[in-house]
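Here's the structure, in structure tokens; my notes come after.
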Amino acid sequence: MATPVRLYDSLQQQKVAFTPIVPDRVGMYLCGPTPYAPAHIGHAYSAICFDLIRRALIFLGYQVKFVRNITDVEDKIFNASAAAGEDWLTWANRYADAYNADMRMFGVLPPDVEPRVSTHIDQIVAITQRLIERGKAYALDGDVYFEVASFPPYGRLSGQSLDDLQAGSRVAVDERKKSPFDFALWKGAKPGEPSWPSPWGPGRPGWHIECSAMSATHLGETFDIHAGGKDLVFPHHENEIAQSQGAHGDETFAHHWMHNGFLNFDGTKMSKSLGNVLGCNEIAAAVGPEALRFYFVSHHYRSPIDFEIEGPRDADGKIVDPRFPALEAADRRLDYFYATLRRIDEFVAAGGDGGEGALVPEAEKLTGEAREALADDFNAPIVVAALGEAAKVANRLLDEGKGLDKAVRRRSLARLGRDLRAVGWALGVLGDDPVRYAHARRARLGKRRGLDVAQVQALLEARAEARKAKDFTRADAVRGELTALGVEILDTPAGTDWRVVEPAIAVGA
RNA sequence: GGAGCCGUAGCCAAGUGGUAAGGCAGAGGUCUGCAAAACCUCCAUUCCCCGGUUCAAAUCCGGGCGGCUCCUCCA
């Protein structure tokens with residue numbers, strides 16, 4: 001049986017007990033991207049937050065069906081592809097593929113179903129028709145609008161009344177509509193835009209209806225969890241509720257709503273107009289994709305997350321060669337975990353896992369602690385702390401073996417290695433091979449430093465010779481040269497290993 | 001104008017009624033030819049401020065102050 005979970009439900013605005021519709025199974029829908037440009041780290045944050053929740057549910061024993069859509073019929077796609085003189089669907093597909101490649105890089109599991117608007121037009125037309133039949137929508141000059149007044153609970157999710165919205169409206173009012181808040185389910189075709197036939201003439205879906213249609217198609221009219229970025233609460237999710245319940249009944253649709261916090265830069269939201277949008281690749285090249293993931297899961301998914309950017313500034317105050325201190329710290333911490341795993345692996349490989357039997361008590365705590373923390377609204381930061389404790393125990397066992405039964409020590413370390421990986425999986429980290437990770441990290445940092453590996457090797461050999469000859473003055477001098485290059489020496493009984501450290505951050509005025 | 005979030009050590013960050021997790025940085029130590037790594041010890045009588053409720057509050061309530069967001073496309 002799966003571990004009972006408490007989660008924060010944005011509709012009820014409190015932590016509630018999660019009761020799946022079918023025991024031990026979860027149907028989950030996440031609003032996916034509109035692929036018209038390369039993905040930025042805001043996309044990654046949302047995807048990673050809910051990938052974490054999905055993995056945590058699986059870790060806790062649930063069978064999860066995870067649906068994440070691709071909104072491939074949308075103005076932004078039409079505009080961008082038209083400007084480039086390319087077919088809109090080809091354009092959307094290319095960016096959808098790029099999005100998926102980026103998310104894979106960040107350890108996001110592919111969705112079980114990835115529905116696209118372009119292949120669900122029939123379902124969208126059907127649900128629109130049903131809304132008209134039920135008196136919740138009206139056709140108007142080839143468009144179809146949802147009539148907000150027909151759905152009294154409107155505004156419940158975002159905690160606003162229609163009156164409040166009316167008062168502060170900044171929307172350009174379309175006079176034909178019955179209410180300014182009525183929104184389009186179907187938009188009549190405009191010249192040069194793709195369109196599909198419908199009972200109201202050729203046209204295409206409005207923005208919100210696709211999620212109502214696709215969630216019902218793949219998860220049913222009623223399902224467990226609907227998730228998305230906090231920014232989607234209004235109007236997108238509000239409208240989804242109105243459409244779905246309008247079409248299928250008041251008790252239908254998502255049992256729980258979950259929203260992740262915003263991603264900010266130096267305290268301000270990321271937005272294209274501010275020019276502070278950061279691409280996925282830029283981050284991956286700087287600190288490695290897993291460090292970004294580790295940084296994200298070190299924060300609770302509902303908290304806003306802030307990026308610091310530092311670096312020398314040019315005359316206009318714009319940062320050149322941006323650095324991300326927090327992400328670099330995450331990268332170093334990740335390196336600690338992988339180094340610990342590597343030590344464990346080598347120890348177990350050399351002498352076995354000790355077979356069955358008793359363990360040191362600290363070596364069997366991790367999984368239980370992780371389960372408890374994840375079951376309480378997916379508290380990943382607590383899990384990260386528990387991982388740290390487990391790694392510390394492992395390093396201690398590796399350093400100090402005396403006074404301890406040999407088999408107990410081996411078993412404990414083998415267990416810690418397994419549990420670190422199992423719990424790491426739940427967070428989407430520590431899945432790489434430690435040796436490969438170390439090499440990739442060294443290569444990445446070496447590249448950033450412009451390191452000449454042959455030169456490093458030569459210096460390492462020179463130092464080894466000097467040490468062999470007990471010429472420690474010379475050995476230390478060579479190490480000084482290496483340090484200046486950013487190379488850190490790690491002497492071990494097995495030989496000398498090395499790694500690259502990040503350069504100090506120069507903060508410009 | 002309406003709605004909401006947030007404010008915990010030098011920094012990052014959990015905790016949301018029972019007496020402040022964890023990480024980074026810092027100090028000391030073990031180990032080491034010396035280092036690095038790893039490990040050990042120390043590092044918030046206190047959670048923006050002021051009132052209130054309570055046996056008990058960082059956590060609940062009221063009032064301030066400060067920061068952010070949504071109401072328009074946005075992950």
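A, B, ... follow the sequence lines: proteins, then strands. Residue 1 opens every chain.
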> Base, sugar-phosphate, or nothing for A:Leu232, non-hydrogen atoms under 4.0 angstrom?
Replying inline: sugar-phosphate
>> Quick one about A:Asn239 and A:Tyr154 (side-chain donor to acceptor, distance below 3.5 Å, no hydrogens or angles considered), yes or no?
In response: yes
>> Using a 4.0 Å heavy-atom cut-off, does A:Thr492 contact any base of the nucleic acid, only the sugar-phosphate backbone, or nothing at all?
In response: nothing
> If you find the nucleotide of RNA chain B closest to A:Ala326 and the one closest to A:Arg396, which residue's nucleotide is nearer the 5' end?
Replying inline: A:Ala326
> What distance, rounded to whole Å, do you find between the two P atoms, one in B:rA20 and one in B:rU32?
Replying inline: 39 Å
>> I'd like to know if A:Arg479 reaches the base of B:rC34 with its side chain, counting only an N/O donor and acceptor under 3.5 Å.
In response: yes
> Which is true for A:Arg463 with a 4.0 Å heavy-atom rule: it touches a base, it touches only sugar-phosphate, or it touches nothing?
Replying inline: base
> Base, sugar-phosphate alone, or nothing: which one does A:His300 contact when heavy atoms must sit under 4.0 Å apart?
Replying inline: sugar-phosphate
>> Quiz question: by atom type and distance under 3.5 Å, do the side chains of A:Asp335 and A:Tyr437 form a donor-acceptor pair?
In response: no
>> I'd like to know if the side chain of A:His237 pairs up with that of A:His208 as donor and acceptor (distance under 3.5 Å, no hydrogens or angles considered).
In response: no
>> Applying a 4.0 Å non-hydrogen cut-off, can you work out what A:Lys76 is touching in the nucleic acid: base, sugar-phosphate, or nothing?
In response: sugar-phosphate
> Across the strands shown, which category fits A:Phe472 at heavy-atom distances under 4.0 angstrom: base, sugar-phosphate, nothing?
Replying inline: base
> Looking across every strand, which nucleic acid part, if any, lies under 4.0 Å from A:Glu400 by heavy atom: base, sugar-phosphate, or nothing?
Replying inline: nothing
>> Under 4.0 Å, counting only non-hydrogen atoms across every strand here, what does A:Asn379 touch: a base, just sugar-phosphate, or nothing?
In response: sugar-phosphate
> Touch check for A:Gln160, heavy atoms < 4.0 angstrom, all strands: base, sugar-phosphate only, or nothing?
Replying inline: base
> Just checking A:Arg302: base, sugar-phosphate only, or nothing, at a heavy-atom cut-off of under 4.0 Å?
Replying inline: nothing
> Which part of the nucleic acid does A:Gly229 contact within heavy-atom distance under 4.0 Å: base, sugar-phosphate only, or nothing?
Replying inline: sugar-phosphate
> With distance as the sole criterion, is a donor-acceptor pair present between the side chains of A:Glu238 and A:Ser158 under 3.5 Å?
Replying inline: yes
> So what does A:Ser158 touch, heavy atoms closer than 4.0 Å: a base, only the sugar-phosphate, or nothing?
Replying inline: sugar-phosphate
> Is there a donor in the side chain of A:Tyr295 and an acceptor in the side chain of A:Glu328, or the other way round, less than 3.5 Å apart?
Replying inline: no
>> Need one value for A:Asn395: base, sugar-phosphate or nothing, where a base atom within 4.0 Å counts as base even if backbone is also close, heavy atoms only.
In response: sugar-phosphate
> With a non-hydrogen cut-off below 4.0 angstrom, is A:Gly388 in contact with a base, only sugar-phosphate, or nothing?
Replying inline: nothing
>> Can you identify which nucleotide, out of B:rA14, B:rA36, B:rG4, has its nearest atom closest to the A:Gln13 side chain?
In response: B:rG4
